[in-house]
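Quick notes on the structure that follows.
As the structure lists them, so they are numbered: ligands from 1, and atoms in each ligand from 1. Just so it is clear, the structure is predicted and the values come from calculations on it, not from any experiment. Side-chain atoms are counted along with the backbone in the values below, which use heavy atoms only and exclude waters and symmetry mates.
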Amino acid sequence: MQQRLSYDVVIIGSGAAGLTTALRLPATVRIALISKGSPDAGATCWAQGGVAAVLDSNDHVDQHVQDTLAAGGGLSDASVARHIVSHGRESIDWLISQGVPFTTDGQATGYHLTREGGHSTRRIIHVADATGKAISDTLLAQVASKANIDLFTHCQAIDLLTSDDGTRCIGICVFDLQQEQTRIFSSYCTVLACGGASGAYLFTSNSDGASGDGIAMAWRSGCRVANLEFNQFHPTCLYHPDSRSMLISEALRGEGGLLKRPDGSCFMPGYDPHAELAPRDIVARAMDREMKQLGAPCLYLDISHKPAAFIRTHFPTIYQRCLSCGINITTEPIPVVPAAHYTCGGIVVDQHGQTDIRGLFAVGECSFTGLHGANRLASNSLLECFVLARSCANRIGNQLSPAPDLPSPPEWQPSHQTQCGDDGVFTQNLKNLRRLMWDNVGIVRTTSGLQKAMSRVRLLQAASQRLYRDCTISKNLLELRNLTLVSELIVRCAMARKESRGLHYSLNYPALGAVAKNTILTPGQRAWRTQAAI
Ligand code: FAD
Ligand code: SIN
């Protein structure tokens with residue numbers, strides 16, 4: 001017998017998107033906020049650069065929209081971009097009202113704005129180089145003070161529960177990782193705020209939990225997903241044996257950092273007139289090409305020409321973390337490589353986060369709103385989380401009154417009886433998957449590489465389905481099940497795109513197609529629902 005809990009709204013994920021949705025809902029709404037790790041374990045806490053918003057009197061919404069569309073390679077939805085950008089200031093004012101201590105410019109009232117690739121002006125508000133941690137700490141403290149929000153940590157959502165006809169989400173089944181038992185949460189509205197799927201790649205700026213759980217759960221329940229071929233590779237992650245997943249913020253380039261070959265020469269001016277501040281897809285591809293041509297394991301990011309005090313003040317976290325690896329960024333260049341960073345596609349939603357299923361919403365990195373197109377503009381991600389979470393909370397708030405009557409979810413029947421030994425087989429399969437995706441579905445792709453990836457991903461997926469059917473549940477098993485599915489969806493999207501656009505670059509189709517089209521996948525309803533019920 002599983003434990004059953006009932007709430008008005010269940011939110012899966014305690015990053016920027018989930019926390020903001022919870023805090024923006026009326027205080028009368030009973031909310032369960034669920035997170036599979038510690039509450040600050042997602043990408044949000046690691047965000048460095050900041051939040052893009054039109055805050056300077058010389059900046060304009062039109063300009064920010066224009067920069068977003070230019071980075072998006074013809075695929076960003078202009079009306080969505082305008083909706084999100086024009087709510088930027090309101091979102092920042094709300095964050096300030098919650099207590100986020102944004103870095104000031106030394107004047108009485110102003111905030112310091114930094115610059116990142118693809119932005120035509122300085123418009124990134126930040127908290128030194130640890131913006132995400134400040135936002136996460138502040139919003140989590142606010143959540144802790146709210147009587148209507150119950151936080152469940154170390155609880156991993158397994159699958160959504162839907163009405164018999166599959167058109168209405170009525171809750172979610174969750175595995176409590178500490179109690180080692182499943183729980184059923186029934187709710188009028190369920191919000192997926194589970195982050196991205198960059199964990200599909202061997203090298204990533206993300207922490208381990210970026211396993212596309214939200215995308216996988218939504219797909220298994222019958223929601224469409226879109227544009228998963230556009231996984232963004234951040235150009236500069238630290239290349240060092242003692243450090244995994246350490247991002248070196250683009251703001252370093254915004255403040256004058258230069259990308260260099262091992263011989264100290266600059267190369268970005270040869271690729272784009274904006275040099276180091278070209279959009280990310282261009283910089284990552286240029287680095288990939290330079291590394292392959294030179295046979296170099298890494299390139300270098302150099303800001304040592306700036307005064308040491310300036311570097312230490314603006315980038316205290318990066319300075320300290322590099323120093324702990326024996327690199328003094330005030331005197332020497334930083335070895336860097338590109339790494340998987342951000343999932344531009346995701347669960348198809350409208351401007352309120354509504355998915356294809358009634359009662360189910362998605363916000364943040366797991367969603368596809370149309371904002372990012374073929375390549376996300378730097379620091380537009382957190383902005384999207386804050387604006388969409390607010391729109392989503394407004395929509396849910398309106399739907400909740402008067403209080404609805406819902407059927408209770410059925411008893412969920414896991415069959416997972418067998419102890420399958422240690423997690424070794426799951427972690428080995430995960431490693432194989434990540435290597436496969438890195439080698440064949442990375443910055444530069446080929447048709448034969450995608451075909452190879454597809455056939456092997458399908459084998460790994462079949463194996464993970466068998467393990468899921470037979471074995472007792474564990475965190476790694478659930479993540480393997482989700483990542484193999486999302487990887488298949490990524491490859492399917494990549495194979496469907498017969499052109500090169502934004503983050504998807506194919507040697508077999510190097511030209512830009514005449515018409516910009518989103519890649520939208522629709523699940524075969526019955527087959528996927530059957531799998532979810534195993
Ligand atoms: P996340 O913050 O990733 O949170 C996901 C949540 O879902 C977590 O709480 C996780 O535990 C939970 N979860 C996932 N699966 C399950 C499950 N099955 N069950 C229960 N809980 C689950 N963007 C910017 O705009 N500006 C930046 O400066 C910036 N810097 C970045 C730096 C780094 C190193 C990284 C990795 C990303 C950066 N990004 C930045 C991107 C941005 O941080 C993310 O896109 C954004 O934080 C995503 O927020 P989210 O709430 O959607 O997801
Ligand atoms: C960074 O600080 O470089 C990350 C910004 C982002 O991903 O938007």
Short version for Ala193: what comes under 4.0 Å of ligand 1, heavy atoms counted, is backbone
Between the CD1 atom in Ile184 and the CG atom in Leu5, the distance rounded to the nearest 0.5 Å is 10.0 Å
min-distance protein heavy atom vs atom 10 (C) of ligand 1 -> Ser35 OG, 4.2 Å
among protein heavy atoms, the one nearest atom 21 (N) of ligand 1 is Lys36 N, 3.0 Å
- prompt: Between Cys155 and Arg183, is any pair of side-chain heavy atoms under 4.5 Å apart?
  reply: yes
So for Leu247 against ligand 1, with non-hydrogen atoms under 4.0 Å, the contacting part is side chain
closest protein heavy atom to atom 41 (C) of ligand 1 is Ser381 OG, 3.8 Å
To the nearest 0.5 Å, atom CD of Glu365 lies from atom CD of Glu384 at 9.0 Å
Honestly, for Cys385 the part within reach of ligand 1 (heavy atoms, under 4.0 Å) is side chain
*asked:* Is there a polar contact, in the sense of an N or O pair closer than 3.5 Å, between Gly49 and ligand 2?
replied: yes
Exercise for review: Assess Cys155 for proximity to ligand 1: is some non-hydrogen atom of it under 4.0 Å away?
Suggested key: yes
Looking only at non-hydrogen atoms, the one of Arg253, Arg280, Gln232 nearest atom 5 (C) of ligand 2 is Arg280
Look only at interatomic distance and state if Ala41 has a nitrogen or oxygen under 3.5 Å from any nitrogen or oxygen of ligand 1. no
Should Leu247 be listed as contacting ligand 2, given a heavy-atom distance under 4.0 Å as the test?
yes
The protein heavy atom nearest to atom 7 (O) of ligand 1 is Gly13 CA, 3.2 Å
If we number the atoms of ligand 2 from 1 as shown, the ones under 4.0 Å from a heavy atom of Glu116 are 1 (C), 2 (O), 3 (O), 5 (C)
- Message: Are Ile135 and Val51 packed together at the side-chain level, in the sense that at least one heavy-atom pair is separated by less than 4.5 angstrom?
- Response: yes
Any atom of ligand 1 sitting under 4.0 Å from a heavy atom of Ser379? yes
The closest protein heavy-atom partner of atom 35 (C) of ligand 1 is His341 CE1, 3.4 Å
Nearest non-hydrogen protein atom to atom 18 (N) of ligand 1, with distance, is Asp213 OD2, 2.8 Å
Closest to atom 48 (C) of ligand 1 by heavy-atom distance, out of Arg376, Glu365, His154, Glu384, is Glu365
- Going by the angle between their ring planes, with limits at 30° and 60°, are Phe185 and Phe152 parallel, tilted or perpendicular? perpendicular
request  = Answer yes or no: does an N/O atom from Ser14 fall short of 3.5 Å to an N/O atom of ligand 1?
outcome  = yes
Check: of Ala17, Ala47, Gly212, min heavy-atom distance to atom 31 (C) of ligand 1 comes from Ala47
### Query
Does some non-hydrogen atom of Ala378 fall short of 4.0 Å from ligand 2?
yes
Residue, atom and distance of the protein heavy atom nearest atom 8 (O) of ligand 2 read Ser379 N, 2.6 Å
query: Would you say Ser38 and ligand 1 have an N/O pair spaced under 3.5 Å apart?
result: no
Quick look: Thr44 vs ligand 1, heavy-atom contacts under 4.0 Å, and the answer is both
message = Gly50 versus ligand 1: do any nitrogen or oxygen atoms come within less than 3.5 Å of each other?
response = yes
In ligand 1, the atoms that come under 4.0 Å of a heavy atom of Gly15 are 2 (O), 4 (O), 9 (O), 51 (O)
Any N/O of Glu250 closer than 3.5 Å to an N/O of ligand 2? yes
Per-atom filter on ligand 1: closer than 4.0 angstrom to a heavy atom of Trp46 are 32 (C), 33 (C), 34 (C)
Discussion item. So, regarding Gly49 and ligand 1 (criterion: nitrogen or oxygen to nitrogen or oxygen, under 3.5 Å), is there a contact or not?
Written reply: yes
Per-atom filter on ligand 2: closer than 4.0 angstrom to a heavy atom of His234 are 1 (C), 3 (O), 4 (C)
- Check whether any side-chain heavy atom of His274 lies under 4.5 Å from a side-chain heavy atom of Ile282, and answer yes or no. no
Worksheet item: Does the side chain of Asn482 pick up a donor-acceptor pair with the side chain of Ser211 at under 3.5 Å?
Response: no
Logged contact type for Gln48 with ligand 1, heavy-atom cut-off 4.0 Å, is backbone
The protein heavy atom nearest to atom 2 (O) of ligand 2 is Ser249 OG, 2.7 Å
Note: heavy atom closest to atom 1 (P) of ligand 1, options Ala210, Ala43, Gly346, Ala389, belongs to Ala43
field: Min heavy-atom dist Val51 to ligand 1 below 4.0 Å
entry: no
query: Counting both backbone and side chain atoms, is some N or O of Gly364 under 3.5 Å from an N or O of ligand 1?
result: no
